[in-house]
Structure formats: C-alpha cells, structure tokens
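As the structure is a prediction and not an experimental result, all values here were calculated from the model.
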Amino acid sequence: MDSWDHFILIILAAIAAFIPRYLPMLFFSKRQIPEWFNEWMKYVPVSLFTALVVKGIFITTAGYHFVPFGHVNQIIAAVIVIIITYLTRSMALSVISGLVAVFVITIFL
C-alpha cells in the first residue's frame with residue numbers, strides 16, 4: 001500500500017465512524033423520544049459491558065467453548081468488582097478495582 005491508499009483508508013474509516021453517530025442524531029433531533037425508550041437505553045452500556053466481561057471470563061478463544069473455571073483469577077476479581085460496584089455505583093472505580101484485583105490475584109495465584 002502506498003500513502004494514497006492509506007489516505008483513502010483513513011477517509012473511509014472516518015466516514016464509517018461518522019455515519020452511525022450522525023444518522024441517529026439526524027433522525028431523533030426532530031422527534032420527541034418516548035420516555036420508555038430513554039429508560040430502556042439507560043441499561044444498554046451496563047449490559048454491553050457485562051456481556052464483554054462475561055465472554056472474556058467464561059468463553060475460550062480456542063473454539064469458543066464455555067469454560068466455567070478456566071480463569072479463576074478473573075472470576076475472583078469479578079466477584080470483587082461486583083461488590084465494589086454494588087457499594088459505590090461508580091463505573092470508573094469498578095474498572096480500576098477490577099484491573100488492580102486481576103493484577104494482584106495473578107501475582108499470588
């Protein structure tokens with residue numbers, strides 16, 4: 001690839017990143033969003049984050065099989081994060097505590 005191909009790739013990636021952000025804003029800017037939809041959308045980031053974490057802990061990349069106790073250190077860290085999240089309700093503190101917990105548990109296990 002030469003530099004012109006890289007430039008075209010960057011422009012196409014920018015367009016691909018812009019369209020999914022712009023179209024909903026264009027569509028919903030002239031309409032009143034129902035309250036039930038706003039309430040439902042509050043749960044989307046948490047559910048996506050949970051799906052990513054659960055997949056990372058319980059699914060192996062070698063054939064995508066369910067492994068219930070394949071990553072014990074991550075399971076212990078997840079339990080710690082669940083407790084900290086329940087007590088603090090802070091996503092930032094939860095992520096930081098999860099990283100620290102995995103690091104510390106990996107050192108000692």
If you round to the nearest 0.5 Å, how far is NZ of K55 from OG1 of T50? 14.5 Å

Check A78 against I57 and note the closest heavy-atom contact, atom names and distance. CB-CD1, 3.8 Å

Contacts table for residues 4-24: side-chain donor-acceptor under 3.5 angstrom, sequence neighbours left out:
unit_1 : atom_1 : unit_2 : atom_2 : d
H6     : ND1    : D2     : O      : 3.1
R21    : NH1    : A17    : O      : 2.6

Single hit among S94, S90, S97 for side-chain hydrogen bond (donor to acceptor under 3.5 Å, both in side chains) with T85: S94

Decide yes or no for V67 and I59: does some side-chain heavy atom of the first lie under 4.5 Å from some side-chain heavy atom of the second? no

On a heavy-atom basis, the closest approach of V72 and F69 is CG2-O, 3.6 Å

Path from L87 to I82 over hydrophobic side-chain contacts below 4.5 Å: no

In the single-linkage hydrophobic clustering (I, L, V, M, F, W, Y; side-chain heavy atoms under 4.5 Å), do L48 and W40 co-cluster? yes

Heavy-atom pair with the smallest gap, counting every atom of G98 and A77: O-CB, 4.3 Å

Hey, any chance V54 and M91 share a hydrophobic cluster, counting ILVMFWY side chains that come within less than 4.5 Å of each other, even indirectly? yes

Cluster overlap I75 with F66, hydrophobic side-chain contacts below 4.5 Å: yes

In Å, rounded to the nearest 0.5 Å, how long is the span from CG of N73 to CD1 of I107? 11.0 Å

Can you tell me how far the OG1 atom of T60 sits from the NE2 atom of H65, to the nearest 0.5 Å? 7.5 Å

Set of residues satisfying salt bridge (Lys or Arg N to Asp or Glu O under 4.0 Å) with respect to E39, sequence neighbours excluded: K42

Does some side-chain heavy atom of I76 sit less than 4.5 Å from a side-chain heavy atom of V102? no

Nearest heavy-atom contact between F49 and V95 is CZ-CG2, 4.0 Å

Is there a path of hydrophobic side-chain contacts, each under 4.5 Å between heavy atoms, that joins M41 and W36? yes

Measure the spacing between CD1 of I33 and CG of N38 and express it to the nearest 0.5 Å. 5.5 Å

Atom CZ of F58 and atom CD of Q74: how far apart are they, to the nearest 0.5 Å? 9.5 Å

Heavy atoms, side chains only, cut-off 4.5 Å: are L99 and F103 in contact? no

